[in-house]
Amino acid sequence: MSAPAPSTLAIVDAEPLPRQEEVLTDAALAFVAELHRQFTPRRNELLARRGERRAEIARTSTLDFLPETAAVRADTSWKVAPAPAALNDRRVEITGPTDRKMTINALNSGAKVWLADFEDASAPTWENVVLGQLNLTDAYERRIDFTDPKSGKSYALKSADELATVVMRPRGWHLEERHLQLDGASVPGALVDFGLYFFHNAQRLIDLGKGPYFYLPKTESHLEARLWNDVFVFAQDYVGIPQGTVRATVLIETITAAYEMEEILYELRDHAAGLNAGRWDYLFSIVKNFRDGGSKFVLPDRNAVTMTAPFMRAYTELLVRTCHKRGAHAIGGMAAFIPSRRDAEVNKVAFEKVKADKDREANDGFDGSWVAHPDLVPIALASFDAVLGDKPNQKDRLREDVSVAPGDLIAIDTLDASPTYDGLRNAVAVGIRYIEAWLRGLGAVAIFNLMEDAATAEISRSQIWQWINAGVVFENGEHATADLARKVAAEELAAIREEIGEETFTAGKWQQAHDLLLQVSLDQDYADFLTLPAYEQLR
């Protein structure tokens, strides 16, 4: 008897979308199903390992570089693979979701790289997951021109040599894609996003002189990087392209990954492009992992934690040193400011802050940095041009002057700032506004002149949770309590209702967002990710 044919992926509880058959082909779904069979069991083991490591941190309130991988760090002979031409100059990268308008604007922005985001800047509705894939393929085929039905404005791609190189970011390992199932089990969102994109576009990108390039989010250990590397090896063999064609940049946006940067590059060395220094997710990870570590781990207001804070500076300088030691790109953090069309003074102050931030990164040795808006591209470009000149990067700056001890990365109490009542109010206000938009399918949202994404909501709710559980007393004498958070949230909700009017308020998901923020901020059982309970409500 012949072996039974393997089960195929089922599309579950999903309304048909226009042109979805171009993305969800039998061959593409068979590839995603094979990824699921091969790699989901290991992914599940690694998620369980995260919990075990968190429990160990709760017990010890400390972290250290791994003794078992000391030989990898000590071995000076290994380097990551040389950067392909399309990824050698990354001095400015723009980020954003893969809707049709953003796809054109990001590719045309003048940035060297576009982070095409299926993760924190995209709420994972079925429409965003499938049509985002379609938009990228349409862009590579140059059939993405369109006219906005509301404004009447037309959008079209510039010539090929003016377009940003795409680096696609799939969802993190923790998220499922409930609409694609194999034998009743949901496929990890990471494998869906990676699999569909890689299957349809790997050869197409090679033909364009580029390749399948990825940003890997939420990585917590070198073992998770090893899993991604094995996915890449399998995928390249499956579609018949040379090993090493894939390139991956890993976001060092968890505190545990900060202690394993060299090991992460080592695991991915044939496919590694670099590391990126995140901010909000990194702070969220510190709160999550050290939430029962006492007052010395209590973070002040998020806006008081700049990249010049001693423990953040230790992290970014170690990242640059690590990357350049191993021949990888070091990519800096986000400039999230959204220019105001009405307030020139707000723009002037913000542009000066962005310039100072990008000047610092360029002078520290970073090879490039992120912006959230096309208007910021020239500012960041000028900062890096001033340091790089005609050079594509500054990997030759080895930063051998940098020395970071394990305790430096978690020396939160070296920051001379405390939580404030206004900080609580801001966390609640931003959290409600962001979650409401996310529940409507928007992942990148302009709030108070900043581009916010899911990491924003995570740090907002984590700070509320931490301040309450640490018994923080604000400068006005008020104690951080669940009742105070409920009071502030009720006031913010009422202010939003007043601001936007009853009809718009009722049509939105404001009460739902308010309730979800309080749920994840006040529950004693701290949810690992806000997006897990939020995804249950996303329709």
Side-chain angles (χ1 to χ4, degrees), residues 2-40 43 97-100 103-104 107 116-119 122-146 157 166-171 175-208 210-214 228 230-243 245-246 441:
S2 60
S7 304
T8 55
L9 284 188
I11 301 171
V12 177
D13 190 27
E15 291 290 323
L17 297 166
R19 297 176 61 198
Q20 74 171 29
E21 68 282 354
E22 297 175 43
V23 176
L24 305 172
T25 63
D26 289 345
L29 291 178
F31 174 60
V32 173
E34 199 53 40
L35 290 174
H36 176 64
R37 289 188 195 95
Q38 295 275 344
F39 299 109
T40 297
R43 170 263 199 179
T98 54
D99 60 86
R100 217 154 176 84
T103 296
I104 296 173
L107 288 170
D117 201 7
F118 287 82
E119 203 236 357
S122 180
T125 61
W126 183 236
E127 182 177 23
N128 288 343
V129 168
V130 175
L131 298 189
Q133 296 277 354
L134 192 65
N135 290 336
L136 292 176
T137 301
D138 278 355
Y140 302 145
E141 294 288 313
R142 298 194 68 90
R143 58 183 186 218
I144 198 170
D145 301 2
F146 88 111
L157 291 177
V166 174
V167 180
M168 183 272 219
R169 179 163 71 167
R171 279 169 280 182
L175 288 165
E176 309 281 4
E177 176 47 67
R178 64 167 172 260
H179 297 297
L180 283 177
Q181 297 184 3
L182 188 71
D183 299 329
S186 295
V187 180
L191 296 180
V192 172
D193 298 340
F194 166 81
L196 292 175
Y197 180 75
F198 181 88
F199 185 83
H200 287 299
N201 298 302
Q203 186 60 54
R204 184 178 273 121
L205 285 160
I206 293 168
D207 294 343
L208 291 170
K210 299 190 177 183
Y213 307 143
F214 298 93
W228 268 120
D230 290 346
V231 169
F232 297 154
V233 170
F234 174 84
Q236 289 165 129
D237 277 348
Y238 189 99
V239 303
I241 63 173
Q243 288 297 329
T245 306
V246 169

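Every heavy atom of this structure was used, including side-chain atoms; hydrogens, water molecules and symmetry mates were not. Note that the structure is a prediction, hence the values are computed from the model and not measured.
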Salt bridge or not for [X] and [Y], using N-O below 4.0 Å?
X: D193; Y: R169; value: no
X: R43; Y: E176; value: yes
X: D183; Y: R37; value: no

Look at the aromatic rings of [X] and [Y] and report parallel, tilted or perpendicular, splitting at 30° and 60°.
X: F194; Y: F198; answer: parallel
X: W126; Y: H179; answer: tilted
X: F232; Y: F214; answer: parallel

Please report the closest heavy-atom contact between [X] and [Y], naming both atoms and the distance.
X: G132; Y: F118; answer: C-CZ, 3.6 Å
X: F31; Y: A235; answer: CZ-CB, 3.7 Å
X: T98; Y: A116; answer: CG2-CB, 3.7 Å
X: A33; Y: L9; answer: CB-CG, 3.8 Å
X: I11; Y: L180; answer: CG1-CD2, 3.8 Å
X: L107; Y: A139; answer: CD1-CB, 3.8 Å

Could you tell me the separation between the [atom1] atom of [X] and the [atom2] atom of [Y], rounded to the nearest 0.5 Å?
X: E141; Y: L157; atom1: CD; atom2: CG; result: 12.0 Å
X: E177; Y: S186; atom1: CD; atom2: OG; result: 7.5 Å
X: L29; Y: H36; atom1: CG; atom2: NE2; result: 13.0 Å
X: I241; Y: L205; atom1: CD1; atom2: CG; result: 9.5 Å
X: E15; Y: Q20; atom1: CD; atom2: CD; result: 10.0 Å
X: L175; Y: E119; atom1: CG; atom2: CD; result: 7.5 Å

Q: Scan side-chain atoms only and decide if T137 and N201 contain a donor-acceptor pair under the 3.5 Å cut-off.
A: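 There is such a pair between these side chains.
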Q: Report yes or no: do D237 and Q243 form a side-chain donor-acceptor pair below 3.5 Å?
A: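 Present: a donor and an acceptor within the cut-off.
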Q: With salt bridge (charged side-chain N to carboxylate O under 4.0 Å, His left out) as the test, would you mind laying out the steps for D138 and R19 before giving the verdict?
A: CA-CA 11 Å; D138 278 355; R19 297 176 61 198; 2.9 Å; yes
**Q.** Side chain H200, main chain V23, donor-acceptor under 3.5 Å
**A.**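 Checking the backbone N and O of V23 against the side chain of H200, a donor-acceptor pair under 3.5 Å is found.
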Q | D13 atom CG, neighbour heavy-atom count above 12 within 6.0 Å | A |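 Open: at most 12 neighbouring heavy atoms sit under 6.0 Å from CG of D13.
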Q. Should we say atom CD of E34 is surrounded by more than 12 heavy atoms from elsewhere, each under 6.0 Å from it?
A.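 It does: E34 CD has more than 12 such atoms within range.
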Q: Given side-chain contact (heavy atoms from CB on, under 4.5 Å), test L17 with E127 step by step and report yes or no.
A: CA-CA 7 Å; L17 297 166; E127 182 177 23; 4.2 Å; yes
Are [X] and [Y] close enough that some pair of their side-chain heavy atoms sits under 4.5 Å apart?
X: V166; Y: Y197; value: yes
X: P97; Y: N128; value: no
X: L24; Y: L196; value: yes

Q. Are V239 and F199 close enough, and set up right, to give a side-chain contact (heavy atoms from CB on, under 4.5 Å), and what steps lead you there?
A. CA-CA 7 Å; V239 303; F199 185 83; 4.2 Å; yes
